[in-house]
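Quick notes on the structure that follows.
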Amino acid sequence: MSQVEDFVKEVEGLQEAEGKVLIITGKPGSGKSGVLREAAAKKAWDYVDCRLLITEDFLELLPALRQEKAAEMIGEILEGYNSEVVLLDRLQTLFVPVFHIDVADLLRKLGKNFVIVAAWPGYYENGCLCYDKFDGTESIKINAEGFKIWNMD
């Protein structure tokens, strides 16, 4: 079975789960985006670049309201797509501090209405998803509880 077939099987298994979030971990260049794009084409799932989720309406919100409104606003955008499975790439876009988005909370909320697959540009260790800055210092570490993890390394 190919890597994409394994991935598709993993995603399809989530459709009946309560928390429908699959995180694909792997360093830059590990093939996460390629697997997402190939699976999207094969299964007619929606491949979404997270840069498209930060709209002018979102940026016009006061920073204090962004965390509160993020799941609702992004959920409305995702409802405009035609699939119950949404493949999110370039998740690190949402890490920008001025956006004030709790990415773990956002994914958990979106996972109530969609099967969410997110490409995490880092690694999984001791129950946490970690993303390091380019200089090697840890910049983000979130609890992965409730997420299914699929590693590309």
Side-chain angles (χ1 to χ4, degrees), residues 1-55 58 67 70-97 99-153:
M1 194 175 288
S2 76
Q3 189 173 42
V4 172
E5 289 170 336
D6 288 342
F7 171 74
V8 166
K9 186 175 180 180
E10 196 75 32
V11 173
E12 288 175 337
L14 276 178
Q15 292 178 324
E16 300 302 319
E18 187 173 321
K20 300 178 233 173
V21 180
L22 175 66
I23 306 292
I24 301 176
T25 62
K27 296 177 181 173
S30 63
K32 299 180 302 292
S33 296
V35 167
L36 290 178
R37 285 191 295 271
E38 192 173 332
K42 183 175 191 164
K43 298 296 291 183
W45 291 337
D46 289 311
Y47 172 89
V48 179
D49 185 319
C50 286
R51 294 177 294 186
L52 301 175
L53 301 176
I54 303 300
T55 63
F58 180 79
Q67 173 56 36
E72 177 185 339
M73 294 178 84
I74 291 173
E76 287 174 4
I77 293 168
L78 297 181
E79 284 174 5
Y81 289 94
N82 296 320
S83 175
E84 292 180 7
V85 176
V86 179
L87 310 175
L88 299 176
D89 203 2
R90 298 185 191 269
L91 191 66
Q92 62 269 32
T93 301
L94 305 179
F95 300 164
V96 176
F99 293 159
H100 299 276
I101 296 174
D102 178 334
V103 175
D105 182 61
L106 172 68
L107 293 173
R108 286 183 181 100
K109 287 178 179 175
L110 294 174
K112 292 178 181 178
N113 299 318
F114 308 93
V115 172
I116 298 290
V117 179
W120 182 268
Y123 56 96
Y124 175 76
E125 182 177 83
N126 299 323
C128 291
L129 291 163
C130 305
Y131 173 70
D132 296 337
K133 295 179 181 177
F134 291 109
D135 64 2
T137 60
E138 185 177 275
S139 58
I140 293 177
K141 188 175 190 177
I142 66 167
N143 184 325
E145 185 178 339
F147 299 146
K148 184 148 179 89
I149 308 297
W150 199 70
N151 190 15
M152 287 289 296
D153 289 336

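Numbering of residues begins at 1 and proceeds along the displayed sequence.
Glu84 CD: 12 or fewer foreign heavy atoms inside a 6.0 Å radius.
The CD1 atom of Ile54 lies 5.0 Å from the CG atom of Leu94; values are rounded to the nearest 0.5 Å. Note that the CG atom of Asn151 and the OG1 atom of Thr25 stand 3.5 Å from one another [nearest 0.5 Å]. Note that the OG1 atom of Thr55 and the CD1 atom of Ile74 stand 8.0 Å from one another [nearest 0.5 Å]. Separating the CH2 atom in Trp150 from the CD1 atom in Ile24 is a distance of 6.0 Å, to the nearest 0.5 Å. Here CD1 of Ile116 is found 13.5 Å from CZ of Arg108. Values are rounded to the nearest 0.5 Å. Note that the CD atom of Glu79 and the CG atom of Asn113 stand 7.0 Å from one another [nearest 0.5 Å].
Counting only heavy atoms from C-beta outward, the side chains of Gln3 and Glu38 never approach each other to under 4.5 Å. Using a 4.5 Å heavy-atom threshold, the side chains of Leu53 and Leu88 count as touching. The closest side-chain heavy-atom distance from Trp45 to Val11 is below 4.5 Å.
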Dump the intermediate steps for side chain to side chain contact (heavy atoms under 4.5 Å, CB included) on Leu107 and Leu91, then the final yes or no.
CA-CA 10 Å; Leu107 293 173; Leu91 191 66; 4.3 Å; yes
Side chain to side chain contact (heavy atoms under 4.5 Å, CB included) between Leu129 and Ile149, intermediate numbers included
CA-CA 9 Å; Leu129 291 163; Ile149 308 297; 3.9 Å; yes
Checking side chain to side chain contact (heavy atoms under 4.5 Å, CB included) for the pair Lys42/Glu5: CA distance, chi angles, key distance, verdict?
CA-CA 10 Å; Lys42 183 175 191 164; Glu5 289 170 336; 3.5 Å; yes
Between Tyr81 and Val86, does the side chain to side chain contact (heavy atoms under 4.5 Å, CB included) criterion hold? Intermediate values first, please.
CA-CA 8 Å; Tyr81 289 94; Val86 179; 5.5 Å; no
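Glu10 pairs by the salt bridge (charged side-chain N to carboxylate O under 4.0 Å, His left out) definition with Lys148, not counting sequence neighbours. The salt bridge (charged side-chain N to carboxylate O under 4.0 Å, His left out) test applied to Asp49 returns Arg51, Arg90, not counting sequence neighbours.
Ring geometry for Phe58 versus Phe99: interplanar angle over 60°, hence perpendicular rather than tilted (30 to 60°).
Centroid-to-centroid, the aromatic rings of Trp120 and Phe95 come within less than 6.0 Å.
Contact detail for Tyr124 and Ala144: the closest heavy-atom pair is CE1-CB, 3.6 Å. Smallest separation of non-hydrogen atoms from Lys112 and Lys20: O-NZ, 4.1 Å. Val8 and Ala39 make their closest contact through CG2-CB, 4.0 Å (heavy atoms, listed as atom of the first residue, atom of the second, distance). Lys32 and Gly26 make their closest contact through NZ-O, 2.7 Å (heavy atoms, listed as atom of the first residue, atom of the second, distance). Closest heavy-atom contact between Leu14 and Leu22: CD1-CB, 3.3 Å. Between Ile140 and Ile142 the shortest heavy-atom distance is CG2-CG2, 4.0 Å.
Asp89 and Tyr47 share a donor-acceptor pair across their side chains, judged by distance under 3.5 Å alone.
With hydrogens and angles disregarded, a donor-acceptor distance shorter than 3.5 Å links the side chain of Gln67 to the backbone of Asp102. In this structure, Lys141 contributes its side chain and Asp132 its backbone to no donor-acceptor pair below 3.5 Å.
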